[in-house]
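Just follow the structure's listing: the first ligand is 1, and inside any ligand the first atom is 1. The first residue of the sequence shown is numbered 1, and numbering continues consecutively from there.
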Amino acid sequence: MIANAALQEVQADIAKACKIARREVDEVTLIAISKTHQADAIVPLLDAGQRVFGENRVQEAQGKWPALKERYDGIELHLVGQLQSNKADDAVALFDAIHSLDRPSLVKGLAKAMDKAGRRIPCFVQVNIGAEEQKGGCAIADVPGLLEQARGADIPLAGLMCVPPFGIEPAPFFALLDKMARDNGLDGRSMGMSGDYETAIMLGATHIRVGTALFGERG
Ligand SMILES: *Cc1c(COP(=O)(O)O)cnc(C)c1O
């Protein structure tokens, strides 16, 4: 395997945070968020052994990942961006996990798409953890109902996901998501990005979504 400096640095930081939190490194999955980056930026990470990647747009992912999946075995692709119900079929065909299940109509759309494809992929319910008006995600009060609906539709539930409000301390929001996951009997906590993944790990993150720290600033 070829060394990749940015990846090694992030992995070292993950290990450090896990040690402080008395967690095992294999409890935390690093999702390399490759949105806006082309194959030539992604290939070095694949060559270094990274296999879990995330994208935020179905169409963009369709343009670059099928070819990379032919070249590399074991790629796991996560959708971390808002999903329109009319793209559910495409999303279920390409992705291995979805982090943006946030409304009843999408539960229906995804259940139908999974039935049609004969393939059920794990989903995280995205929570609007800071109750921000303009932000995606299910309102905190509506989460139990949405989870129940998803269970009824036979959608495999991986856990909860959040993007805390920008520019303020994220720790209280991570702690709240952790508590909500526990209260609802869910294992997965998709939280933490380039600026705060160590904090997220200390507060129970199982999936961290890191773009800039691996690929540099987006253009
Ligand atoms: C872009 C994005 C990330 C990665 O953000 P960075 O700050 O570049 O690490 C994580 N999660 C979601 C939902 C994103 O859209």
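Scanning all protein heavy atoms for the shortest distance to atom 11 (N) of ligand 1 gives Arg209 NE, 2.9 Å. Counting only heavy atoms of the protein, atom 10 (C) of ligand 1 lies nearest to Met193 SD, 3.3 Å. Scanning all protein heavy atoms for the shortest distance to atom 13 (C) of ligand 1 gives Val80 O, 3.4 Å.
Residue contacts with ligand 1 include Arg218, since one of its heavy atoms falls under 4.0 Å from the ligand.
Residue contact check: Thr212 has heavy atoms under 4.0 Å from atoms 6 (P), 7 (O), 8 (O), 9 (O) of ligand 1. Below 4.0 Å from some heavy atom of Ser194 lie the following atoms of ligand 1, by number and element: 6 (P), 7 (O), 8 (O), 9 (O). Near Val210, meaning under 4.0 Å from one of its heavy atoms, ligand 1 places the atoms 9 (O).
Within the 4.5 Å cutoff, the side chain of Val210 has heavy atoms near those of the Ser194 side chain. Leu79 places a side-chain heavy atom less than 4.5 Å from the side chain of Val58.
The number of heavy atoms from other shown groups lying within 6.0 Å of CD (Glu148) does not exceed 12. Shown here is Lys64, whose NZ atom has more than 12 heavy atoms of other residues, nucleotides or ligands within 6.0 Å.
Not a single N or O atom of Gly195, backbone or side chain, sits closer than 3.5 Å to an N or O atom of ligand 1.
Which of His78, Lys35, Met161 comes nearest to atom 2 (C) of ligand 1 through a heavy atom is settled by distance: it is Lys35.
A salt bridge between Asp96 and Arg119 is present, with a side-chain N of the basic residue lying under 4.0 Å from a carboxylate O of the acidic one.
Residues Phe124 and His207 place their aromatic rings such that the two centres sit under 6.0 Å apart.
Residues Thr206 and Glu27 bring no donor and acceptor atom of their side chains to less than 3.5 Å of each other.
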